[in-house]
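To start, the structure under review is shown below, and the notes come after it.
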Amino acid sequence: GQNIDQPTEMTATEGAIVQINCTYQTSGFNGLFWYQQHAGEAPTFLSYNVLDGLEEKGRFSSFLSRSKGYSYLLLKELQMKDSASYLCAVRGNAGNMLTFGGGTRLMVKP
Amino acid sequence: EAGVAQSPRYKIIEKRQSVAFWCNPISGHATLYWYQQILGQGPKLLIQFQNNGVVDDSQLPKDRFSAERLKGVDSTLKIQPAKLEDSAVYLCASSFGGWQYFGPGTRLTVT
(Lines give C-alpha, C1' and ligand atoms only; values in the text may rest on other atoms or scores of the structure.)
Protein backbone atom coordinates (compact mmCIF):
# COMPACT_ATOMS: atom_id res chain seq x y z
CA GLY A 1 0.00 0.00 0.00
CA GLN A 2 0.85 3.65 -0.03
CA ASN A 3 1.17 6.09 2.88
CA ILE A 4 1.88 9.73 2.19
CA ASP A 5 2.28 12.39 4.87
CA GLN A 6 2.46 16.15 4.59
CA PRO A 7 1.69 18.96 7.04
CA THR A 8 -1.93 20.03 7.16
CA GLU A 9 -1.39 23.78 7.21
CA MET A 10 1.42 26.31 6.83
CA THR A 11 1.54 30.09 6.96
CA ALA A 12 4.16 32.30 5.33
CA THR A 13 4.69 35.95 4.50
CA GLU A 14 4.52 37.51 1.06
CA GLY A 15 7.99 37.66 -0.51
CA ALA A 16 9.38 34.91 1.70
CA ILE A 17 10.39 31.31 0.95
CA VAL A 18 8.44 28.29 2.16
CA GLN A 19 9.25 24.57 2.05
CA ILE A 20 6.47 21.99 2.08
CA ASN A 21 7.63 18.51 3.01
CA CYS A 22 6.22 15.16 1.95
CA THR A 23 7.23 11.73 3.19
CA TYR A 24 6.02 8.53 1.65
CA GLN A 25 6.06 4.79 2.19
CA THR A 26 5.03 2.89 -0.90
CA SER A 27 5.07 -0.62 -2.24
CA GLY A 28 6.16 0.68 -5.63
CA PHE A 29 7.53 3.98 -6.88
CA ASN A 30 7.49 5.46 -10.35
CA GLY A 31 7.58 9.17 -9.70
CA LEU A 32 6.36 11.88 -7.36
CA PHE A 33 4.11 14.75 -8.38
CA TRP A 34 3.21 18.05 -6.80
CA TYR A 35 -0.12 19.68 -7.62
CA GLN A 36 -1.53 23.07 -6.66
CA GLN A 37 -5.22 23.33 -5.86
CA HIS A 38 -7.00 26.62 -5.26
CA ALA A 39 -10.19 26.43 -3.26
CA GLY A 40 -13.06 25.12 -5.36
CA GLU A 41 -10.84 24.39 -8.35
CA ALA A 42 -9.19 21.35 -9.92
CA PRO A 43 -5.63 20.35 -9.05
CA THR A 44 -3.08 21.70 -11.52
CA PHE A 45 0.30 20.11 -12.17
CA LEU A 46 3.35 21.85 -10.69
CA SER A 47 6.29 19.46 -10.81
CA TYR A 48 7.46 15.89 -11.26
CA ASN A 49 10.47 14.02 -9.86
CA VAL A 50 11.47 10.46 -10.65
CA LEU A 51 15.21 10.67 -9.98
CA ASP A 52 16.94 12.00 -6.88
CA GLY A 53 17.72 15.67 -6.86
CA LEU A 54 16.26 19.08 -7.43
CA GLU A 55 13.99 20.15 -10.27
CA GLU A 56 13.63 23.90 -10.69
CA LYS A 57 10.84 25.65 -12.54
CA GLY A 58 10.75 29.40 -12.00
CA ARG A 59 9.74 30.24 -8.45
CA PHE A 60 8.94 26.60 -7.73
CA SER A 61 11.44 23.80 -7.08
CA SER A 62 10.92 20.22 -6.03
CA PHE A 63 13.40 17.82 -4.46
CA LEU A 64 13.34 14.05 -4.18
CA SER A 65 15.29 11.52 -2.14
CA ARG A 66 14.09 8.02 -2.99
CA SER A 67 16.24 6.33 -0.34
CA LYS A 68 14.63 8.48 2.36
CA GLY A 69 11.12 8.45 0.92
CA TYR A 70 11.15 12.22 1.07
CA SER A 71 10.30 15.15 -1.15
CA TYR A 72 9.81 18.85 -0.68
CA LEU A 73 8.30 21.67 -2.68
CA LEU A 74 10.06 25.00 -2.37
CA LEU A 75 8.22 28.19 -3.21
CA LYS A 76 10.27 31.38 -3.51
CA GLU A 77 9.22 35.03 -3.60
CA LEU A 78 5.80 34.13 -2.28
CA GLN A 79 2.83 35.95 -3.72
CA MET A 80 -0.68 36.23 -2.33
CA LYS A 81 -1.95 34.11 -5.23
CA ASP A 82 0.18 31.21 -3.94
CA SER A 83 -2.36 30.74 -1.15
CA ALA A 84 -3.70 27.29 -2.03
CA SER A 85 -3.46 23.64 -1.12
CA TYR A 86 -0.39 21.73 -2.30
CA LEU A 87 -0.84 18.05 -2.97
CA CYS A 88 1.95 15.49 -2.98
CA ALA A 89 1.17 12.37 -5.03
CA VAL A 90 3.12 9.19 -5.68
CA ARG A 91 2.76 7.09 -8.82
CA GLY A 92 3.05 3.36 -8.30
CA ASN A 93 4.43 0.80 -10.68
CA ALA A 94 1.17 -0.13 -12.37
CA GLY A 95 -1.37 1.79 -14.34
CA ASN A 96 -0.12 5.35 -13.77
CA MET A 97 -2.31 5.51 -10.67
CA LEU A 98 -1.58 8.34 -8.25
CA THR A 99 -1.95 8.14 -4.49
CA PHE A 100 -2.36 11.57 -2.95
CA GLY A 101 -1.39 12.89 0.44
CA GLY A 102 -3.90 14.92 2.39
CA GLY A 103 -2.60 18.20 1.06
CA THR A 104 -0.94 21.18 2.73
CA ARG A 105 -3.01 24.33 2.94
CA LEU A 106 -0.67 27.30 2.54
CA MET A 107 -1.77 30.74 3.64
CA VAL A 108 0.31 33.68 2.43
CA LYS A 109 -0.05 36.82 4.53
CA PRO A 110 0.91 40.37 3.58
CA GLU B 1 -7.06 22.12 -26.64
CA ALA B 2 -10.19 21.67 -24.58
CA GLY B 3 -9.72 20.37 -21.05
CA VAL B 4 -11.57 17.69 -19.12
CA ALA B 5 -15.25 18.59 -18.91
CA GLN B 6 -17.54 17.61 -16.05
CA SER B 7 -21.17 18.21 -15.30
CA PRO B 8 -22.99 19.20 -13.28
CA ARG B 9 -20.68 21.47 -11.31
CA TYR B 10 -22.87 21.37 -8.23
CA LYS B 11 -25.52 18.97 -6.99
CA ILE B 12 -27.55 18.88 -3.79
CA ILE B 13 -29.59 15.77 -3.01
CA GLU B 14 -31.18 14.14 -0.02
CA LYS B 15 -29.82 10.93 1.45
CA ARG B 16 -31.07 7.77 -0.21
CA GLN B 17 -31.55 9.59 -3.51
CA SER B 18 -29.57 8.75 -6.65
CA VAL B 19 -27.17 10.97 -8.56
CA ALA B 20 -25.04 10.71 -11.68
CA PHE B 21 -21.99 12.63 -12.80
CA TRP B 22 -20.65 12.95 -16.32
CA CYS B 23 -17.09 13.34 -17.58
CA ASN B 24 -15.71 14.04 -21.06
CA PRO B 25 -11.94 13.54 -21.13
CA ILE B 26 -9.42 15.32 -23.30
CA SER B 27 -9.63 14.04 -26.86
CA GLY B 28 -7.31 11.10 -27.44
CA HIS B 29 -6.74 10.29 -23.77
CA ALA B 30 -7.31 6.59 -23.33
CA THR B 31 -7.07 6.55 -19.54
CA LEU B 32 -9.77 8.06 -17.34
CA TYR B 33 -9.95 8.30 -13.56
CA TRP B 34 -12.63 9.17 -11.03
CA TYR B 35 -11.53 10.56 -7.67
CA GLN B 36 -13.43 11.46 -4.53
CA GLN B 37 -12.11 14.45 -2.59
CA ILE B 38 -13.63 15.05 0.82
CA LEU B 39 -13.21 18.57 2.17
CA GLY B 40 -9.74 19.09 3.61
CA GLN B 41 -8.35 15.85 2.20
CA GLY B 42 -6.46 14.79 -0.90
CA PRO B 43 -8.21 13.09 -3.81
CA LYS B 44 -8.85 9.35 -3.42
CA LEU B 45 -8.97 7.19 -6.52
CA LEU B 46 -12.29 5.43 -7.03
CA ILE B 47 -11.84 3.82 -10.44
CA GLN B 48 -9.50 3.84 -13.41
CA PHE B 49 -10.49 3.02 -16.99
CA GLN B 50 -8.23 2.18 -19.91
CA ASN B 51 -10.40 2.79 -22.97
CA ASN B 52 -13.68 1.08 -21.97
CA GLY B 53 -12.11 -1.46 -19.61
CA VAL B 54 -11.67 -1.17 -15.84
CA VAL B 55 -8.03 -1.20 -14.69
CA ASP B 56 -8.64 -0.73 -10.97
CA ASP B 57 -11.82 -0.31 -8.95
CA SER B 58 -10.54 -1.65 -5.65
CA GLN B 59 -11.57 1.51 -3.74
CA LEU B 60 -15.00 1.89 -5.32
CA PRO B 61 -17.82 1.13 -2.84
CA LYS B 62 -19.57 -1.21 -5.22
CA ASP B 63 -22.69 -1.60 -3.12
CA ARG B 64 -23.69 1.95 -4.00
CA PHE B 65 -21.25 3.32 -6.59
CA SER B 66 -21.03 2.34 -10.23
CA ALA B 67 -19.17 3.73 -13.20
CA GLU B 68 -19.07 3.05 -16.88
CA ARG B 69 -17.24 4.17 -19.98
CA LEU B 70 -19.12 2.31 -22.66
CA LYS B 71 -17.54 3.74 -25.80
CA GLY B 72 -14.14 4.45 -24.33
CA VAL B 73 -14.69 8.21 -24.29
CA ASP B 74 -17.28 9.75 -21.94
CA SER B 75 -17.83 8.27 -18.52
CA THR B 76 -20.56 8.41 -15.90
CA LEU B 77 -20.29 7.81 -12.17
CA LYS B 78 -23.46 6.94 -10.28
CA ILE B 79 -24.30 6.79 -6.59
CA GLN B 80 -27.41 4.91 -5.56
CA PRO B 81 -28.48 5.41 -2.81
CA ALA B 82 -26.46 8.36 -1.52
CA LYS B 83 -25.32 8.66 2.09
CA LEU B 84 -24.34 11.75 4.04
CA GLU B 85 -20.67 10.71 3.93
CA ASP B 86 -20.73 10.84 0.13
CA SER B 87 -20.65 14.65 0.32
CA ALA B 88 -17.45 15.52 -1.53
CA VAL B 89 -16.05 16.83 -4.79
CA TYR B 90 -15.89 14.19 -7.51
CA LEU B 91 -12.97 14.81 -9.81
CA CYS B 92 -12.48 13.27 -13.21
CA ALA B 93 -9.02 13.13 -14.76
CA SER B 94 -7.64 11.82 -18.03
CA SER B 95 -4.09 11.00 -18.89
CA PHE B 96 -1.70 10.67 -21.77
CA GLY B 97 1.94 9.74 -21.42
CA GLY B 98 1.66 9.43 -17.67
CA TRP B 99 0.42 12.97 -17.05
CA GLN B 100 -3.00 13.40 -15.45
CA TYR B 101 -5.20 16.38 -16.25
CA PHE B 102 -8.10 17.15 -13.94
CA GLY B 103 -11.55 18.47 -14.65
CA PRO B 104 -13.21 21.15 -12.48
CA GLY B 105 -15.08 18.57 -10.42
CA THR B 106 -18.66 18.13 -9.27
CA ARG B 107 -19.41 19.26 -5.74
CA LEU B 108 -22.00 16.92 -4.20
CA THR B 109 -23.85 17.82 -1.03
CA VAL B 110 -26.01 15.12 0.55
CA THR B 111 -28.49 16.41 3.13
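In what follows, every chain begins at residue 1, and chains take the letters A, B, ... in the order their sequences are listed.
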- [ ] Kindly check if the number of other-residue, nucleotide or ligand heavy atoms within 6.0 Å of NZ (A/Lys57) is above 12?
- [x] yes
Open item on the list: If we define contacts as heavy-atom pairs under 4.5 Å, which of A/Pro43, A/Ala42, A/Gly103 has the most with chain B?
Closed with: A/Pro43
Open item on the list: Can you confirm whether or not the ring centre of B/Phe49 sits under 6.0 Å from the ring centre of B/Trp34?
Closed with: no
Task: Selection from A/Thr99, A/Leu98, A/Leu87 maximising heavy-atom pairs under 4.5 Å formed with chain B - done: A/Leu98
TODO: Just give me the residue among A/Gln37, A/Arg105, A/Glu41 that pairs up with chain B most often, heavy atom to heavy atom, under 4.5 Å.
DONE: A/Gln37
Task: Contact origin within B/Gln37 toward chain A - heavy atom pairs under 4.5 Å - done: side chain
Task: B/Cys23 and B/Arg69, any side-chain heavy atoms less than 4.5 Å apart - done: no
- [ ] Could you tell me which portion of B/Pro43 (side chain, backbone, both or neither) has an atom closer than 4.5 angstrom to a non-hydrogen atom of chain A?
- [x] both
TODO: Step through the shown structure and confirm whether more than 12 heavy atoms of other residues, nucleotides or ligands are within 6.0 Å of CD1 on B/Ile12.
DONE: no
Task: 4.5 Å side-chain heavy-atom contact, B/Ile79 and B/Leu108 - done: yes
